[in-house]
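So you know, we letter chains A, B, ... as the sequences are listed, proteins then strands, and number each from 1. As the structure is a prediction and not an experimental result, all values here were calculated from the model.
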2 protein chains.
Amino acid sequence: MYKSGFQAASLDNILSNANVTKGALYHHFGSKQELGYAVVDELIREHILNRWVRSLEKAENPIDGLLAILRAKEPHPGFDQRLGCPLNNLAQEMSPLDEGFRKRLEGVFREWRQGIAKALRRGQERGQVRSDVDPLESADFFIAALEGSLSLAKNAQDTDVFDNCKAGLASYLKGLRTPGSS
Amino acid sequence: MYKSGFQAASLDNILSNANVTKGALYHHFGSKQELGYAVVDELIREHILNRWVRSLEKAENPIDGLLAILRAKEPHPGFDQRLGCPLNNLAQEMSPLDEGFRKRLEGVFREWRQGIAKALRRGQERGQVRSDVDPLESADFFIAALEGSLSLAKNAQDTDVFDNCKAGLASYLKGLRTPGSS
DNA sequence: ATACATGCATACTGGTTGGTATGTTATGGA
DNA sequence: TCCATAACATACCAACCAGTATGCATGTAT
């Protein structure tokens, strides 16, 4: 139940949905908190790395790569558009309350950011990305704008808002290209 | 306690922090939910309207107005930077769970968006904003990027991230200006 | 002064939560 | 085959939650 948030999702609910009993859970995890940490480390982090970092390492052009991920933003199991981004959801909820969560989630954000920045830097070396672009700054802004777009879309339930935001994101990315390169 | 979220903030806690007893609360509100609705309608909505809509109506140049609000984003009582934006916090938490919350919060977002779009349109009439800009699209993207920036900053506890995002936001806004106008 | 409603305080309740104690089954080594 | 341990299941508990019942002031109209 990553619809109602971590705190509001009761263990009994989680357990019955997963067809697991409480004994089994507490045999593997010491507390609900530990379970949450494992979800961050093994599910959310893996998803971000797969989708944004590893995929960009193979891309020939970072900007085309980012645009492609953006376009394909729908079809991923368990990542419903109307429920927002699990990484940001958890971060918003738990960061002010639990330093362990905050540190883990911050780490994921940092890996994400570094992955994009690295790809942009490679793009600069290849002459695909404008040389006056600060890769880290652009990565931060891109992630912020994307997460914000997902947040608004989650709230609005209206595709218009998200389409507008996606258009804005796409044109931001295109503005990073070296002028005249496609 | 708008640090722990609406659900996690227990009534007993809220009441003791406000030096109010349960009898007094339930004399004025029928439920915790009603109290939450009132907070949205009378505190959060008012704040957004004051800061973003009414202030832009008076501005001579919408882009300068937005930049000024952005620069002054700190000193407002009750709106701690490290706790994020109350509007977005509540929206993230409650929108998927309570349609009443969602509708109210969506309304606030819509008024915000319309306020910015209207200001941009006025700027276009005055030749301050590029005429090929879609005001609604730009307003959506700006709000999304801003909320995303606040989210990341809340999580990172690191001013660098927010500074990067603010720089991105500012340069986005400046890109909306009519070329050669200031 | 009395009657009555409004505004507030306090004590309590039924239900839910994370967590635990204890019991049962499966597994694998000797 | 036997037994120790890991893997699970079930029943229970104390703490906490939103909400309520009841009591007590205070103000006001008659």
Side-chain angles (χ1 to χ4, degrees), chain A residues 1-46 78 83-84 86-105 155, chain B residues 1-46 78 83-84 86-105 155:
Chain A
M1 289 289 175
Y2 268 78
K3 162 188 174 187
S4 28
F6 178 72
Q7 304 180 90
S10 79
L11 275 185
D12 292 325
N13 239 331
I14 295 174
L15 292 168
S16 76
N17 267 51
N19 272 332
V20 171
T21 62
K22 212 172 263 195
L25 205 185
Y26 275 90
H27 183 73
H28 295 282
F29 301 95
S31 65
K32 193 191 180 188
Q33 192 189 52
E34 261 185 41
L35 170 66
Y37 289 176
V39 168
V40 175
D41 292 338
E42 287 163 40
L43 295 181
I44 297 184
R45 178 168 174 275
E46 278 310 306
L83 296 183
L87 171 60
N88 198 39
N89 285 3
L90 250 188
Q92 288 306 304
E93 181 186 4
M94 298 307 294
S95 280
L97 299 177
D98 184 301
E99 185 66 12
F101 266 111
R102 215 213 92 233
K103 281 218 173 111
R104 273 154 230 264
L105 293 161
N155 187 253
Chain B
M1 289 289 175
Y2 269 78
K3 162 187 173 186
S4 29
F6 178 73
Q7 304 179 91
S10 80
L11 277 185
D12 293 324
N13 240 329
I14 295 174
L15 292 168
S16 77
N17 267 52
N19 272 331
V20 171
T21 60
K22 212 174 262 194
L25 205 185
Y26 276 93
H27 183 74
H28 295 281
F29 301 95
S31 66
K32 192 190 181 188
Q33 190 189 54
E34 262 186 40
L35 170 67
Y37 288 176
V39 169
V40 176
D41 292 339
E42 288 164 39
L43 295 181
I44 297 184
R45 178 169 174 274
E46 278 310 306
L83 297 182
L87 172 60
N88 198 38
N89 285 3
L90 250 188
Q92 289 306 304
E93 180 185 4
M94 297 307 294
S95 279
L97 298 177
D98 184 304
E99 184 66 9
F101 266 111
R102 215 212 92 234
K103 281 216 173 112
R104 272 155 230 265
L105 294 161
N155 187 254

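Between the CG atom of B/N13 and the P atom of D/dC17 there is a distance of 7 Å, given to the nearest Å. The distance from atom OH of B/Y26 to atom P of D/dC17 is 12 Å, rounded to the nearest whole Å. The interatomic distance linking A/I14 (CD1) with C/dG18 (P) rounds to 7 Å, in whole Å. As a whole-Å value, the separation of B/L15 CG from D/dC16 P is 16 Å. For A/Q7 and D/dA15, the CD to P distance is 21 Å, given to the nearest whole Å. Counting to the nearest Å, the C1' atom of D/dC17 and the CZ atom of B/F6 are 13 Å from each other. Separating the CG atom of B/L25 from the C1' atom of C/dT10 is a distance of 15 Å, rounded to the nearest angstrom. A/Q33 places its CD atom 13 Å from the P atom of C/dG18, with the value rounded to the nearest Å.
Here the side chain of A/E34 pairs a donor or acceptor atom with the backbone of A/G30 at under 3.5 angstrom.
Among the heavy atoms of the strands lying under 4.0 Å from B/A9 are primed sugar atoms or P, OP1, OP2 only; no base atom is included. B/T21 comes within 4.0 angstrom of a base, heavy atoms only.
Side-chain proximity of B/L11 to D/dA18, C/dT17, C/dT6: nearest is D/dA18. The nucleotide whose nearest atom lies closest to any side-chain atom of B/H28 is, among C/dG18, C/dC8, D/dA18, C/dC8. Distances were taken from every side-chain heavy atom of B/K22 (C-beta onward) to each of D/dC8, D/dG19, C/dG18; the shortest belongs to D/dG19.
Separating the CG atom in A/L83 from the OG atom in B/S95 is a distance of 11.0 Å, to the nearest 0.5 Å. Here the CZ-CG distance, from A/R102 to A/L97, works out to 12.5 Å after rounding to the nearest 0.5 Å. Going from atom CD of A/E93 over to atom CD of B/Q7 covers 7.5 Å, rounded to the nearest 0.5 Å.
Scanning both residues, B/I44 and B/L87, for their nearest heavy atoms gives CG2-CB, 3.8 Å.
Summary of the strand contacts: B/N19 and A/A8 both lie near DNA chain C, and taking for each the nucleotide with the nearest heavy atom, the more 5' one is attributed to B/N19. The nearest heavy atom of DNA chain C to A/D12 and to A/G30 marks one nucleotide each, and the one closer to the 5' end goes with A/D12.
Phosphate contact (OP1/OP2 of C/dG7, side-chain N/O of B/H27, threshold under 4.0 Å): present.
Scanning atom types as modelled, no donor and acceptor separated by under 3.5 angstrom connect the side chain of A/K32 and the base of C/dG19.
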